[in-house]
Amino acid sequence: MTGKDLHDIPPNHPRYESLKLRAKIVDAYKTGVLADSGLIAHGRGEAFDYLIGEKTTAGAKRAIETAAAYLLLADYPVISVNGNTAALVPREIVALAGKLNARIEINLFYRTSKRLKAIEKVLKDAGAVDVLGDEDNPLNISGLESPRSRVSRDGVYKADVVLVPLEDGDRAEALVSNGKKVLTVDLNPLSRTAKTSTVTIVDNLVRAVTHLISSVDRLKEMENSQLHNIVNGFDNKKNLDEALRYMKGNLP
Ligand code: ATP
Ligand code: MG
């Protein structure tokens with residue numbers, strides 16, 4: 001389905017929101033922003049979204065608030081973007097980076113120069129001025145085979161806090177063992193990324209990022225001591241267990 005076909009779906013269709021996202025994902029595949037595996041990743045996400053009733057749960061809100069606190073306390077926050085993120089929420093990512101004074105870096109699992117350029121264009125069209133990820137002198141983080149270890153010198157390499165939606169498990173692990181605080185958005189509470197990250201937001205990226213922007217606006221007014229209290233009061237494993245219980249509770 002393409003964006004054009006979407007006009008044929010009435011907005012009161014019960015699957016309208018979900019179909020709208022599918023259309024964006026398919027378009028992104030066609031324009032080279034998304035790898036074929038990105039289509040599959042989206043489908044896996046849809047299945048888990050069903051299980052949480054396609055809405056942001058109280059547990060996800062807690063994780064979002066904690067992620068906002070980490071981002072506001074960070075010395076050098078970086079937002080890492082892949083094809084799915086660029087396809088679904090480019091404007092929101094640029095807005096969030098602006099509020100946090102965070103760098104944006106493109107990091108791809110299936111890296112090609114063509115896809116990198118396509119994503120960079122999407123982000124620039126969405127208002128980004130400066131996008132990292134395509135430098136001639138990248139660095140490598142330890143614990144990964146190249147080219148998956150590739151990071152930007154002024155981006156993830158330097159970051160103390162990385163927001164990295166839909167990351168791969170190996171790379172999330174490597175970021176954590178390189179001393180980064182890793183904030184992820186992943187609808188699957190059982191993935192290695194979900195289990196390894198510092199904060200896992202079990203929610204659809206399209207809802208999570210919008211909530212994250214509002215949380216940053218709200219928490220910006222707080223003292224650092226209050227932000228530290230939020231961070232210290234959060235237990236990722238407990239939150240993931242709660243997400244799983246929530247999903248089980250929705251089963252017949
Ligand atoms: P891991 O490598 O962490 O063990 P995986 O290999 O099972 O995970 P991947 O294909 O690497 O999964 O990553 C895709 C992940 O992104 C899936 O867990 C999927 O649920 C999640 N996902 C897909 N689309 C969205 C979305 N729109 N919002 C949030 N999460 C999503
Ligand atoms: Mg994986």
Side-chain angles (χ1 to χ4, degrees), residues 1 15-29 33-57 59-64 66-67 79-93 96 106-111 115 119 122 141 143-145 147-149 162-177 180 182-213 236-237 239-240 243-244 246-248 250:
M1 175 176 306
R15 307 293 314 141
Y16 182 77
E17 285 303 321
S18 170
L19 292 171
K20 200 168 71 179
L21 296 188
R22 269 195 190 180
K24 280 191 184 180
I25 286 285
V26 171
D27 279 350
Y29 174 68
V33 165
L34 201 68
D36 47 12
S37 61
L39 298 170
I40 299 170
H42 184 80
R44 181 177 287 167
E46 281 183 340
F48 284 101
D49 208 6
Y50 242 89
L51 291 173
I52 55 169
E54 296 176 317
K55 56 180 194 291
T56 306
T57 64
K61 284 183 185 157
R62 202 177 305 127
I64 288 166
T66 308
I79 305 179
S80 176
V81 171
N82 69 357
N84 293 66
T85 305
L88 295 176
V89 284
R91 288 188 181 283
E92 292 82 349
I93 290 293
L96 182 63
I106 304 170
N107 277 297
L108 304 179
F109 195 78
Y110 297 103
R111 184 189 168 88
R115 189 165 314 115
I119 294 177
V122 167
I141 49 165
L144 285 174
E145 278 173 44
R148 292 196 176 128
S149 63
V162 188
L163 172 65
V164 52
L166 278 68
E167 183 53 292
D168 165 67
D170 289 337
R171 295 205 307 189
E173 236 164 68
L175 291 174
V176 169
S177 49
K180 320 279 179 200
V182 176
L183 319 173
T184 197
V185 183
D186 191 334
L187 277 159
N188 178 5
L190 295 167
S191 76
R192 285 172 308 141
T193 303
K195 289 180 178 166
T196 314
S197 296
T198 316
V199 178
T200 305
I201 301 166
V202 180
D203 196 13
N204 197 313
L205 183 58
V206 295
R207 297 190 301 270
V209 175
T210 309
H211 283 293
L212 190 52
I213 291 171
N236 202 46
K237 175 158 187 343
N239 223 49
L240 286 175
L244 268 179
Y246 191 94
M247 289 180 182
K248 284 183 192 153
N250 273 342

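Since the model is a prediction, treat every value here as computed from it, not as a measurement. One-based numbering, in listed order, for ligands and for the atoms of each.
- Between the side chain of Thr193 and the backbone N or O of Glu167, at least one donor-acceptor pair lies under 3.5 Å.
- Using a 4.0 Å cut-off to heavy atoms of Asp186, the atoms of ligand 1 that qualify are 15 (C), 16 (O), 17 (C), 18 (O), 19 (C), 20 (O), 21 (C), 30 (N).
- Protein heavy atom in closest approach to atom 14 (C) of ligand 1: Ala41 CB, 3.7 Å.
- Closest to atom 27 (N) of ligand 1 among all protein heavy atoms lies Asn204 OD1, 3.0 Å.
- Distance from atom 16 (O) of ligand 1 to its nearest protein heavy atom, with residue and atom name: Leu166 CG, 3.5 Å.
- Distance from atom 28 (N) of ligand 1 to its nearest protein heavy atom, with residue and atom name: Leu205 N, 2.9 Å.
- Every residue two or more places apart in sequence or in another chain that forms a salt bridge (charged side-chain N to carboxylate O under 4.0 Å, His left out) with Arg62 is listed here: Glu242.
- Under the 4.0 Å criterion applied to side-chain N and carboxylate O atoms, Arg148 and Glu145 are not assigned as salt-bridge partners.
- Checked by distance only, ligand 1 and Leu187 come closer than 3.5 Å through their nitrogen or oxygen atoms.
- A donor-acceptor pair is defined here as one N or O able to donate and one able to accept, closer than 3.5 Å; such a pair exists between the side chain of Ser177 and the backbone of Ala174.
- Judged by distance alone, the side chain of Asn236 and the main-chain N or O of Ser197 form a donor-acceptor pair under 3.5 Å.
- Residues Tyr110 and Ser37 are in side-chain contact: their nearest non-hydrogen atoms beyond the backbone lie under 4.5 Å apart.
- Here the shortest heavy-atom distance to atom 13 (O) of ligand 1, taken over Glu173, Glu167, Lys195, Arg171, belongs to Glu167.
- Side-chain atoms of Leu96 and Ile79, non-hydrogen and from C-beta on, do get closer than 4.5 Å to each other.
- Among protein heavy atoms, the minimum distance from atom 4 (O) of ligand 1 is reached at Arg192 N, 3.0 Å.
- The contact set between ligand 1 and Gly169, taken as ligand atoms under 4.0 Å from a residue heavy atom, comprises 1 (P), 2 (O), 3 (O).
- A salt bridge between Arg192 and Asp170 is present, with a side-chain N of the basic residue lying under 4.0 Å from a carboxylate O of the acidic one.
- The shortest N or O to N or O distance between Asp168 and ligand 1 is under 3.5 Å.
- Considering backbone and side-chain atoms together, Phe48 places no N or O closer than 3.5 Å to any N or O of ligand 1.
- For the pair Ala194 and ligand 1, the shortest N or O to N or O distance does not fall below 3.5 Å.
- In terms of protein heavy atoms, atom 3 (O) of ligand 1 is closest to Thr193 OG1, 2.5 Å.
- Inspection of the Thr200 and Asp186 side chains reveals no N or O donor paired with an N or O acceptor under 3.5 Å.
- By the criterion of a heavy-atom distance under 4.0 Å, the backbone of Asp203, and not its side chain, is placed next to ligand 1.
- Within the model, atoms CZ of Arg207 and NZ of Lys61 stand 10.5 Å from one another, a figure rounded to the nearest 0.5 Å.
- A salt bridge is defined here as a Lys NZ or Arg NE, NH1 or NH2 lying under 4.0 Å from an Asp or Glu carboxylate O, and Arg15 with Glu46 fails to meet this definition.
- The only member of Leu205, Asn84, Leu166 that meets side chain to side chain contact (heavy atoms under 4.5 Å, CB included) when paired with His42 is Asn84.
- Ligand 1 is never approached by Asn84 to a heavy-atom distance shorter than 4.0 Å.
- No N or O atom of Asp170 sits closer than 3.5 Å to an N or O atom of ligand 1.
- Side-chain contact check for Met247 versus Val202: some heavy-atom pair is nearer than 4.5 Å.
- Protein N/O/S atoms found under 2.8 Å from the Mg ion (ligand 2), listed by chain and residue number: Asp168 OD1.
- When side chains are defined from C-beta on, Phe48 counts as touching Pro189, because their heavy atoms get closer than 4.5 Å.
- With ligand atoms numbered from 1 in the order given, ligand 1 contributes 18 (O), 20 (O) to contacts under 4.0 Å with heavy atoms of Asn188.
- Remark: minimum distance from atom 8 (O) of ligand 1 to any protein heavy atom is reached at Ser191 CB, 3.6 Å.
- Taking 4.5 Å as the limit, some side-chain heavy atom of Leu34 sits within range of a side-chain heavy atom of Leu39.
- Of the protein's heavy atoms, Arg44 NH1, 3.2 Å lies nearest to atom 5 (P) of ligand 1.
- Only one option out of Leu183, Thr184, Asn239 pairs with Val199 in a side chain to side chain contact (heavy atoms under 4.5 Å, CB included); it is Leu183.
- Taking every non-hydrogen atom of Leu88 and a distance limit under 4.0 Å, the qualifying atoms of ligand 1 come out as 27 (N).
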